[in-house]
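Being a predicted model, the structure only gives us computed values, none of them experimental.
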Amino acid sequence: RFGASPRNTTMPPTTKRNHCYSCFFPVFGLEVGRDLGHEIEIGRVTFVDAQSVLRRRRRFQIHREPGYYRKSKYWREKLFSESATYALVRNRRDPDSNRFDSERRMARDALMIVASTFRVTSPRGRFEASMRPPVPDDLVESAVAFRHKSPQWTSSLSCFRPTSTYKLDALWMKNARESGFFRFLRLINGGKSSVSDSWTTALRRSAVLHGRSYVSHDLFEAFILNMIAIECLLCKRGDKFSDLFPKRLTSLFGWLDEDNRDTWSKIAERLYSLRCSLVHDGLSGDITVADLLNSDAVLGNLQDNIWMNLTRFPTKDSLLRYLDEVQARHLLGMRVWRKKDNLVFHHRPITDRQIILLEEYFEVGA
């Protein structure tokens, strides 16, 4: 199983009424390919091909054959056929409850982490994989949970319609590997690492926020989610944000893209100014698509470089000390090393067509 780890099987402590369940949620518009063995684990969530669920039901703790469950109601004839992919969450739950708030939240966060990895191959506004497509079409199981070692089960109903499909295939694996995503995945799946727990949590939150920004249909929401994700990585409690945020961004990106150091200094100052205007004064009118794309570039490159250098940056403090040293070397006119640090910089020029398409997507000026 790709990304498998013992940590993924851990569940909250048992209470007197709680029992172990395998909870499945249909995910529309996402396909887990053969290159990943038809399943991939993101923390405590496993995205698995529907046919694999049927073939490997015992490993997923489904007590009976699917035909047993399909007999109970007419719409359950479609059980495990509503979607090509399912999100599996193992959890302890009350057998009398048919609410799946906690499990659905975990599955949705994991899907947002997956969404953030498509930033290289799929432009904003095109990723449609979702657990809740917006247009109703048919009555299906929105969630189904099987009690371990028992035929007892529970479910919840909703209306869904399939959307276009995004594949986790060889091309996706290539781009994800180049960005360091699989190193990050091993970390959040519980692999051995020197990375601190608090830094692991911050990295995971940043990835979830990036994914939520990437799929957002609102320009201002997408921008502020990006900025919060950047702050998760570059700031800590007690920092004087107004001084440190632009300096840390400029020190890193002005170094990685030396020919445009002044440009990155202006971008950092503008992003900070827009963030403050939106957060403190509720002013969003000055935010443009270009600003959002610049925040995408900042966040994407930050994540890539941290994921690729987790042994060098096992804590947030180690990253911040590194950025402060880079800034000090610039001020002193000293040479800033680069090659031995395995740092990369990806930045595609922003085109007029890209801006026009995204302005239509976000309905800017409508």
Side-chain angles (χ1 to χ4, degrees), residues 5 7 42-43 109 113 116 179-213 224-258 261 264-265 267-269 271-272 275-276 279 295-346:
S5 164
R7 179 182 291 184
I42 310 290
D109 284 352
I113 291 176
S116 72
S179 71
F181 176 72
F182 289 128
R183 300 186 186 190
F184 165 68
L185 190 59
R186 283 194 295 271
L187 175 66
I188 64 173
N189 282 357
K192 291 184 179 180
S193 174
S194 59
V195 178
S196 69
D197 291 342
S198 60
W199 189 219
T200 300
T201 301
L203 293 173
R204 186 183 183 282
R205 287 175 179 167
S206 177
V208 171
L209 289 166
H210 195 182
R212 289 180 58 188
S213 169
I224 199 63
L225 286 171
N226 270 358
M227 295 305 294
I228 296 172
I230 293 170
E231 291 177 41
C232 284
L233 302 177
L234 285 186
C235 301
K236 59 181 182 179
R237 294 184 183 276
D239 280 349
K240 192 174 181 180
F241 188 82
S242 59
D243 289 339
L244 296 177
F245 180 79
K247 290 180 180 178
R248 284 170 178 165
L249 281 186
T250 303
S251 66
L252 178 62
F253 290 93
W255 167 40
L256 294 177
D257 189 20
E258 293 180 359
R261 180 175 176 80
W264 280 109
S265 177
I267 289 174
E269 293 286 350
L271 292 180
Y272 165 71
R275 174 262 182 202
C276 289
V279 171
S295 69
D296 280 341
V298 169
L299 179 54
N301 278 283
L302 267 177
Q303 288 177 332
D304 290 354
N305 281 291
I306 293 171
W307 294 348
M308 293 290 290
N309 295 276
L310 287 171
T311 54
R312 184 175 181 85
F313 305 129
T315 64
K316 182 183 291 189
D317 286 337
S318 62
L319 172 65
L320 300 185
R321 284 195 301 269
Y322 186 80
L323 295 180
D324 291 342
E325 185 174 353
V326 171
Q327 182 183 359
R329 284 177 170 269
H330 273 300
L331 291 175
L332 295 174
M334 299 173 63
R335 181 183 177 185
V336 181
W337 60 92
R338 179 173 181 174
K339 289 186 178 180
K340 69 177 183 178
D341 290 324
N342 195 30
L343 296 179
V344 295
F345 180 75
H346 304 291

Nearest 0.5 Å, please: how far is [atom2] in [Y] from [atom1] in [X]?
| X | Y | atom1 | atom2 | value |
| --- | --- | --- | --- | --- |
| Arg204 | Leu187 | CZ | CG | 11.0 Å |
| Asn305 | Arg312 | CG | CZ | 11.5 Å |
| Leu185 | Ile42 | CG | CD1 | 4.5 Å |
| Leu302 | Leu234 | CG | CG | 5.0 Å |

Closest approach of [X] to [Y] (non-hydrogen atoms, all atoms of both residues):
| X | Y | answer |
| --- | --- | --- |
| Ser295 | Met227 | CB-SD, 4.4 Å |
| Trp307 | Ala207 | CZ2-CB, 4.4 Å |
| Cys232 | Ala202 | O-CB, 4.0 Å |
| Leu323 | Arg248 | CD1-CB, 4.1 Å |
| Arg183 | Met308 | NH1-O, 2.8 Å |
| Leu319 | Phe313 | CA-CD2, 3.8 Å |

Should [X] and [Y] count as side-chain neighbours, where that means a heavy-atom distance under 4.5 Å?
| X | Y | answer |
| --- | --- | --- |
| Phe184 | Ile113 | yes |
| Leu203 | Leu233 | yes |
| Leu310 | Ser193 | no |

**Fill in**
The complete set of salt bridge (Lys or Arg N to Asp or Glu O under 4.0 Å) pairs with one or both residues in residues 298-307, sequence neighbours excluded, reads Arg119-Asp304

**Asked** Just by distance, with hydrogens left out, do Ser206 and Gln303 show a side-chain donor and acceptor under 3.5 Å apart?
**Response** yes

**Prompt:** With sequence neighbours left out, what residues match Asp296 under salt bridge (Lys or Arg N to Asp or Glu O under 4.0 Å)?
**Reply:** Arg124

**Request:** Show the numbers, then the answer: is there a side chain to side chain contact (heavy atoms under 4.5 Å, CB included) between Trp199 and Asp317?
**Result:** CA-CA 9 Å; Trp199 189 219; Asp317 286 337; over 6 Å; no

**Item:** Partner of Ser213 by side chain to side chain contact (heavy atoms under 4.5 Å, CB included), out of Leu299, Asn226, Ile228, Ile224
**Value:** Asn226

